[in-house]
Asker: 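Before anything else, here's the structure in question.
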Amino acid sequence: MSDFNTIKDGIEDEFLLGNLNEEQRRAVTHEGSPLLILAGAGSGKTRVITTKIAWLISKKGIRPENILAVTFTNKAAREMRSRATALNPEASWAVIKTFHSFGAKFLRQYGFSAGLSPNYTIYDDDDSAALLRQAETGLSAFQTPAVMQKIDRAKNYCLEYDNPDLALMDPDPDFASVFRKYTERLRKSGNVDFGDLIYLPVKILRENPGIKEDIHRQFSVILVDEYQDSNIAQFELLKELVGPETYLCVVGDDDQSIYSFRGAEVSNILTFTENFPGAEIIRLEKNYRSTPEILRVASEIVSNNDGRLGKTLYTECPSGKKPVLAFLTSQEVEAEFCAQLIQQAFEKGHPYRDWAVLYRTNAQSMSFETEFIKSKIPYTVIGSLKFYEREEVKLALSLLSFIFNRRDEVAFFKLLRKTVAGVGATTCAKIQMEFERLTGEAGGDSVDYLSAAENIVPKLKKAGENLSAFVSSVRECISELKAAAEKETGENLSGFISGVLEKSGLQDFYKNREEGTGASRALSMTELANAAVFYPFSIQGLSDFLEQIRLDREAASDNRETEEISDRVTLITLHNTKGLEFKRVVITGLEEGLFPRDDKTGEALEEERRLMYVGCTRAMKRLYLTSCSVRRIYGSIQPGRPSRFLYELPPDGIKVLGSPPSSFSAFCKNAIEEKALAEKSGRTGVPLEEKSAVTGKEGLHSDLVLKWKKGVTVFHDDYGYGIITKTYFSGDDPDESEYVILVHFESGGEKKFMPEYQGHTLMIVKD
DNA sequence: CAATTCGGGATCTGC
DNA sequence: TCCCGAATTG
């Protein structure tokens, strides 16, 4: 090798490997045997994978299109692609996809060998349930979703209706036959459900050695991220994709397994070395993200779990402030508390984008949205389903899906029932019967619902006109699409979609129905059309657009265009934060029953705890935890107790604000006394002390002190009239302290309040 | 077949 | 509290 090349190599090495620690470097440059990277939270996992992709391309001469990198979320896939491409532009040609989108692409190409035509669309949970309902199973509307879930679970375990192992999963003898009916109906529709996106590729690969060889030739490297969240079907798929020459590398963390509700099996990661013989393990235990204070809290919590591989995370990050635990009254106060924190930090120069507010359920986002709008804090809600879930958007998508696949019965009947006047259950049943008859006559895929509907038009009275108008407008759209496909107009899909919505009458349908009600529904269909500007006006374009929308809800959301650019607080579910990090994190709703939910025990409870661990380890600099004493559930106000996870915190490792219930104060007191005792008896405990500079919080306090004085009469919406009986500061340190007032209510109870955060919930009646 | 009423259940988490 | 499905009625 020439000197020049040696030098060039050296520079490349330095560029790619220079900033890695020894373990990371080993992981990146590892070759040969299968590799499991056990990567603790914040240990630079994504950096390792992306560097590995760049490394393989530039140093090992692997062509990017021969690299398959699989993730679990679209967000992670996007992140991986952009970071790998930043390291090596060629990485943009690598196949970086979620398991499901990989499966979808595979089925477009190879689905024919399982009798699936390429113009399928993907049924979401609701569509699948609707199909199950239509499949003459005799299930009530009430039972259907539960049975659908079981079917989905079976597919997650790679079990078809005729698999004898199904009985192990569910002893109900009827289940297999319901499952069979559903499957037959689904195949007839020409569509697939989410489970099929994994299950069918496995089946095809098992039954078609030729296809399998193709795939093995195509992918010489397979990387899997978040391996702890893979389910059995995904594991089986992986086994089929990995050929004798394939280099396999999976990355995961058993402590962050949070998707068992959707079939994830931690056992996949625990038994990796058995399933892929000769596999090596590399552990990444150095955390680059969080302060030692945050890491301590996170580790203490997760250490309450059994059944871990066990890792010892350490960090060299500089010390920071103790995580703060705030006991608040209601979710409104909780939202206000967050707003205060964020606003105060903003005034000190910390941008909004530093912040993430985490919650267990999407429904919780509302109080934060309301409050943030009020206090003019810009925010973005991640993973909210709002846009996609809107009735009119679903209906519009059904229409587009139906244009793409005319055997989609769920879409067709949904459209008829909702938009065509005079058509109800009876007419739909007639059309279905006619469809069956035609299928019996002609057989195969040649029959569609349009012809079936047309055939019965003569048998109808008034509804017939509407129905035939609907059918011909759909036919018009279809021929328009076909014409465009032949001409290759170069236009984008957006115009076509507006046209379809117009012609079908869907746009007018909502316009008319919503006169005076602020016609937002008609508007969101325009938004849907706008979302399609990046897709070409062709059959392929429509197919891609529909697939993208089914598999990536964010893609259909209406606020994505501004998401990256501007300075906003992130509102996000705990599940969605996987793989993300923020300087400042608030984990909200830490109440028993909400987080963890009260029906969780055993392994499910441990998973909740892991979720808590994931949440804590997202934080780089500051971590806040909030717990409310009352919460509105199903509209009524419910009293709550602090989450059990709060009792797993190290009391000397956190700072408590607000008014903790007595049980929690007792817990802290005990723990601290125990610790003191232990220290006294000679154990070497490291005293955790903090000295902070005296800065001007007093100025802020002086107003409060003057306003909220002893003897003042106040009124509270929930507790009624009361009188302030005591005032004090929560600690000695003026900067860290909060001004607290004790209120004695007429109703008998005593409550502590922090006027700084909760002033608005109290009204001063008389000084 | 559409409109109205009534009652029960819900909200996890996501591809 | 609110939404959806089933039942009731015109």
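To find a chain, count down the sequence lines: A is the first, B the second, and so on, and within it residues start at 1.
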Asker: Just to verify, what does A:Asn405 make a side-chain hydrogen bond (donor to acceptor under 3.5 Å, both in side chains) with, not counting sequence neighbours?
Answerer: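 In terms of side-chain hydrogen bond (donor to acceptor under 3.5 Å, both in side chains), with neighbours along the sequence ignored, A:Asn405 is linked to A:Asn191.
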
Asker: Indicate, with a heavy-atom threshold strictly under 4.0 Å, whether A:Arg610 touches base, sugar-phosphate, or nothing.
Answerer: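 The answer is nothing, as A:Arg610 stays clear of every strand by at least 4.0 Å.
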
Asker: What is the distance, rounded to the nearest whole Å, between atom CD of A:Glu607 and atom C1' of B:dG14?
Answerer: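 Rounding to the nearest Å, CD of A:Glu607 and C1' of B:dG14 are 12 Å apart.
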
Asker: Hey, does A:Ser101 reach any base, or is it just sugar-phosphate, or nothing, if we go heavy atoms under 4.0 Å?
Answerer: nothing

Asker: Quick one: side-chain hydrogen bond (donor to acceptor under 3.5 Å, both in side chains) partners of A:Ser82, sequence neighbours excluded?
Answerer: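 A:Ser82: no side-chain hydrogen bond (donor to acceptor under 3.5 Å, both in side chains) contacts found.
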
Asker: Between B:dG14, B:dC15, B:dC12, spot the one nearest the side chain of A:Asn362, thanks.
Answerer: B:dG14

Asker: Taking only the side-chain nitrogens and oxygens of A:Asn576, find out if one of them lies under 4.0 Å from OP1 or OP2 of B:dT13.
Answerer: no

Asker: Report yes if a side-chain nitrogen or oxygen of A:Thr573 is closer than 4.0 Å to either non-bridging phosphate oxygen (OP1 or OP2) of B:dG14; otherwise report no.
Answerer: yes

Asker: Is A:Arg360 side chain donor-acceptor paired with the B:dC12 base, going by distance under 3.5 Å alone?
Answerer: yes

Asker: Going by the rule side-chain hydrogen bond (donor to acceptor under 3.5 Å, both in side chains), which residues pair with A:Ser398 if we only count those two or more places apart in sequence or in a different chain?
Answerer: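 Scan of A:Ser398 (side-chain hydrogen bond (donor to acceptor under 3.5 Å, both in side chains), adjacent residues dropped) gives A:Lys414.
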
Asker: What is the separation between atom CG on A:Asp552 and atom C1' on B:dC15, rounded to the nearest whole Å?
Answerer: 10 Å

Asker: Walking along DNA chain C from 5' to 3', note the first and the last nucleotide with an atom under 4.0 Å from a heavy atom of chain A, and give both.
Answerer: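 From 5' to 3', the first and last contacting nucleotides are C:dT1 to C:dA6.
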
Asker: Would you kindly give the CD-to-P distance between A:Gln149 and B:dT13, to the nearest whole Å?
Answerer: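 A:Gln149 atom CD is separated from B:dT13 atom P by 13 Å.
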
Asker: Students often get this wrong, so: under 4.0 angstrom with heavy atoms, is A:Phe595 touching a base, only sugar-phosphate, or nothing?
Answerer: nothing

Asker: Output the rounded distance in Å from CZ (A:Arg597) to C1' (B:dT13).
Answerer: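 The answer, rounded to whole Å, is 9 Å.
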
Asker: Could you say whether the aromatic ring of A:Tyr259 and the base of B:dT13 stack, counting only centre distances under 5.5 Å and plane angles under 30°?
Answerer: no

Asker: If you assign each of A:Arg550 and A:Val423 to its closest nucleotide in DNA chain B, which residue comes earlier from the 5' end?
Answerer: A:Val423

Asker: Rounded to the nearest Å, what distance is computed from the CG atom of residue A:Asp126 to the C1' atom of nucleotide B:dG14?
Answerer: 13 Å

Asker: Do the rings of A:Phe645 and A:Phe595 sit parallel, tilted or perpendicular, given the 30° and 60° boundaries?
Answerer: perpendicular

Asker: Would you mind telling me which of B:dC12, B:dG14, B:dC15 lies closest to the side-chain atoms of A:Lys600?
Answerer: B:dC12

Asker: Got a sec, which residues hit salt bridge (charged side-chain N to carboxylate O under 4.0 Å, His left out) with A:Asp255, two or more places apart in sequence or on another chain?
Answerer: A:Arg308, A:Lys311

Asker: Rounding to a whole Å, what distance do you find between A:Lys578:NZ and B:dC15:C1'?
Answerer: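 The distance from NZ of A:Lys578 to C1' of B:dC15 comes to 11 Å, rounded to the nearest Å.
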
Asker: Would you say the side chain of A:Asp125 and the base of B:dC15 hold a donor-acceptor pair, judged only by whether the two atoms sit under 3.5 Å apart?
Answerer: yes

Asker: Salt bridge between A:Arg597 and A:Glu608, side-chain N to carboxylate O under 4.0 Å?
Answerer: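 No, no charged N to carboxylate O under 4.0 Å.
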
Asker: Check the distance between B:dG14's C1' and A:Asn231's CG and give it to me in whole angstrom.
Answerer: 12 Å

Asker: So A:Phe412 and A:Phe470, would you call those rings parallel, tilted or perpendicular, with 30° and 60° as cut-offs?
Answerer: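 Tilted, since the angle between the ring planes falls between 30° and 60°.
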
Asker: For A:Asp544, what residues pass the salt bridge (charged side-chain N to carboxylate O under 4.0 Å, His left out) criterion, not counting sequence neighbours?
Answerer: none

Asker: What is the distance, to the nearest angstrom, from the CD1 atom on A:Ile258 to the P atom on B:dC15?
Answerer: 11 Å

